[in-house]
Amino acid sequence: MSVKSITEKVLVLDFGGQYNQLIARRVRDHHIYAEILPYTTPIEQIKEANYKGIIFTGGPNSVFDMESPHYTPDILELGIPVLGICYGCQLMAWMAGGTVATAPVSEYGKIDVTVTKPESLLFADVPAENVVWMSHTDYISEAPKGFEVTAKTDNCPCAAMELPEKKLYAVQFHPEVTHSVYGSKMLENFLYKVCECEGQWVMDSFIEDTVAALRERIGDKRVILGLSGGVDSSVAAGLLSRAIGKQLTCVFVDQGLMRKDEGDFVEETFTKLFDMDFVRVNCGDRFMEKLAGVTDPEKKRHIIGDEFYAVFWDEIKKRAKGNAFFAQGTIYPDRIESGNGAGGKKSGSSVIKTHHNQRGIPADIDFLGVIEPLQDLFKDEVRKVGEKLGIPHELVWRQPFPGPGLGVRIIGEITAEKVRILQDADWVLRDEMAKNGYESNLAQFFCVFTGAKSVGVMGDHRTYENVIAIRAVTTDDFMTADWARIPFDILATVSNRITNEVDGVNRIVYDITSKPPGTVEFE
């Protein structure tokens with residue numbers, strides 16, 4: 001089922017919370033389409049959308065600070081079920097006339113919660129005593145008139161509250177994170193018992209409707225797609241290939257910052273797998289010249305993105321000529337993380353990093369339009385589509401790889417020698433993980449060229465060579481991630497192989513930082 005044809009949607013109204021995407025993803029896990037809009041969205045727009053429910057996200061601010069994000073209390077009178085989470089819980093209390101204050105004791109991490117109203121629809125089939133994830137310094141000191149407190153903790157007298165006759169529910173904790181043991185059940189209860197959703201969001205219907213829509217829009221025209229070889233652009237290519245076949249041209253820019261032998265793998269895979277016109281452009285030297293002397297990670301991202309598209313557009317100009325569409329593998333998190341989430345003073349979700357595929361088309365290229373068939377999907381939904389399209393498992397489940405490639409896994413200036421060292425080290429890591437079968441336990445793993453050097457001894461000689469870091473994480477959604485507890489004997493084997501097989505490396509370190517406070521990538 002395409003997004004346009006969906007009759008039941010849930011709005012995630014973003015007040016600057018770090019888990020805004022995670023909330024939407026959890027809603028979709030229950031086969032209900034969720035979309036994220038900033039708190040600046042006019043209430044008239046919300047009324048017209050006919051949402052089945054609204055979820056207020058968390059956020060880093062205090063509701064009694066009038067510079068923090070607020071919303072008109074009229075939203076509570078629309079007759080649409082509302083669930084407030086963390087800051088959203090406090091905001092609901094504030095809008096309804098309750099009192100929010102700085103908590104005597106802040107709560108962070110796993111907290112025992114007691115459900116005081118087990119007959120609540122929100123807590124159906126949830127044990128009276130369970131564990132939730134808290135992260136707050138403010139609390140509701142007095143619930144609004146008419147609201148009933150439905151859960152508490154030792155330090156939070158109002159851990160949940162509700163006004164069932166108006167279908168208003170709120171929780172101080174985060175049901176969307178896996179650390180809240182029954183959080184998924186609470187969301188399911190809100191969606192099905194309070195919002196009375198049916199569950200229409202399934203991938204089979206999405207493919208069928210999207211292919212039909214692509215055929216109708218494109219007709220007999222051509223489409224040009226920027227193909228990176230990653231999951232997103234690969235699945236976008238698969239959808240377009242199914243829809244229009246040879247009318248699709250995929251341009252693959254090999255900027256010399258891919259993993260070892262990856263360019264050849266991409267070319268071989270796509271020329272055999274899809275019915276399309278495949279164009280490969282090798283331009284590694286050009287990228288090295290542009291990146292010489294640059295150390296700032298955002299500048300590197302911009303240069304790589306700019307050069308990628310400069311090369312790409314040069315190639316496209318030969319083919320577009322005003323009679324083709326432009327396609328790319330943009331997915332939902334790309335649009336949000338590039339600054340399309342909540343904005344505003346003190347409140348919006350910050351731009352985490354610049355996404356290379358969120359850039360404008362040059363004015364001198366005349367396209368018929370832009371096609372982004374995956375723009376409403378999260379990564380795991382993209383993978384489901386890829387599997388259903390028959391794309392090989394090893395391609396659909398390839399590890400995430402940043403748009404700027406190894407450029408953001410090399411700390412400091414990028415040189416051809418550093419790329420060579422990192423490619424070789426990373427290949428050893430991936431080869432060893434494949435051999436011992438441990439790769440299936442990890443969401444992502446890779447090597448990083450740290451930019452540091454250390455003293456070492458090889459044979460009878462003192463060395464002063466490069467330090468390589470190994471990064472490996474486990475996660476369900478990449479919104480949060482934990483460092484992977486890889487067995488020491490496996491790490492020892494990898495370390496020995498890299499220091500023995502890769503020239504220029506004499507020390508291996510292992511990153512044991514989770515997300516947050518770190519990110520999955522180093523830069």
Side-chain angles (χ1 to χ4, degrees), residues 9-24 26-27 32-102 122 135-147 158 160-176 187 190-191 194-195 335-336 339-350:
K9 295 189 292 185
V10 167
L11 169 64
V12 176
L13 196 59
D14 183 14
F15 291 93
Q18 63 175 319
Y19 296 136
N20 57 0
Q21 293 183 46
L22 184 55
I23 294 171
R26 294 296 184 239
V27 172
I32 297 157
Y33 183 76
E35 61 186 8
I36 303 169
L37 292 177
Y39 75 95
T40 52
T41 303
I43 193 170
E44 291 76 17
Q45 181 179 335
I46 293 176
K47 286 180 183 177
E48 294 171 0
N50 295 318
Y51 291 109
K52 296 285 286 186
I54 300 171
I55 299 177
F56 294 166
T57 74
N61 304 291
S62 296
V63 296
F64 44 79
D65 179 351
M66 296 317 294
E67 291 189 5
S68 296
H70 289 81
Y71 204 81
T72 172
D74 294 342
I75 195 170
L76 303 181
E77 305 297 331
L78 295 179
I80 303 173
V82 180
L83 173 64
I85 294 176
C86 197
Y87 177 87
C89 173
Q90 297 165 11
L91 181 64
M92 182 184 292
W94 180 266
M95 291 192 295
T99 303
V100 179
T102 301
L122 192 66
S135 181
H136 68 103
T137 56
D138 297 336
Y139 78 137
I140 298 170
S141 58
E142 184 179 348
K145 184 178 180 179
F147 279 74
C158 181
M161 65 179 191
E162 64 182 46
L163 186 59
E165 55 265 37
K166 288 191 174 182
K167 297 185 177 181
L168 303 179
Y169 294 80
V171 293
Q172 183 59 69
F173 49 86
H174 289 273
E176 70 274 18
L187 288 175
F190 175 71
L191 297 169
V194 179
C195 300
R335 296 195 286 136
I336 296 168
N340 295 321
K345 186 176 181 180
K346 288 187 67 178
S347 56
S349 301
S350 62

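- Applying the side-chain hydrogen bond (donor to acceptor under 3.5 Å, both in side chains) test to pairs two or more places apart or on separate chains, those with a residue in residues 41-53 are E35-Y51.
- Taking 4.5 Å as the limit, some side-chain heavy atom of F64 sits within range of a side-chain heavy atom of T102.
- A donor-acceptor contact closer than 3.5 angstrom links the side chains of D138 and S62.
- The heavy-atom pair separating V194 from Y169 by the smallest distance is CG1-CE1, 3.7 Å.
- For residues 78-97, the set of pairs meeting the side-chain hydrogen bond (donor to acceptor under 3.5 Å, both in side chains) definition, not counting sequence neighbours, comprises Q90-Q172.
- Here the OH-CG distance, from Y39 to L13, works out to 10.5 Å after rounding to the nearest 0.5 Å.
- Note: I32 CD1 to L191 CG = 4.0 Å, rounded to the nearest 0.5 Å.
- In this structure, the side chain of H70 engages the main chain of V63 through a donor-acceptor pair within 3.5 Å.
- To the nearest 0.5 Å, the span separating CD on E176 from CD on Q21 amounts to 12.0 Å.
- Summarising the geometry of A49 relative to K9, their closest heavy-atom pair is O-CE, 4.4 Å, with the distance given to 0.1 Å.
- Of all non-hydrogen atoms in G16 and T57, the two that sit nearest each other are N-OG1, 4.1 Å.
- The nearest pair of heavy atoms linking M161 to C89 is CE-O, 3.9 Å.
- Of the listed residues (L11, D14, I55), just one forms a side chain to side chain contact (heavy atoms under 4.5 Å, CB included) with I36, and that residue is D14.
- Going from atom CD of E142 over to atom CZ of F147 covers 13.0 Å, rounded to the nearest 0.5 Å.
- In this structure, the side chains of V171 and I85 come closer than 4.5 Å at one or more pairs of heavy atoms.
- The distance from atom CD1 of I54 to atom CD1 of I75, rounded to the nearest 0.5 Å, is 4.0 Å.
- Heavy-atom minimum distance, L91 versus P69: CD1-O, 4.2 Å.
- The two residues L163 and G146 have their closest heavy-atom pair at CD1-O, 3.1 Å.
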Could you go through residues 76-84 and list every donor-acceptor pair under 3.5 Å that involves a side-chain atom there, pairing it with any protein atom two or more places apart or in another chain?
residue, atom, partner, partner atom, Å
E77, OE1, K166, NZ, 3.2
E77, OE2, K166, NZ, 3.1

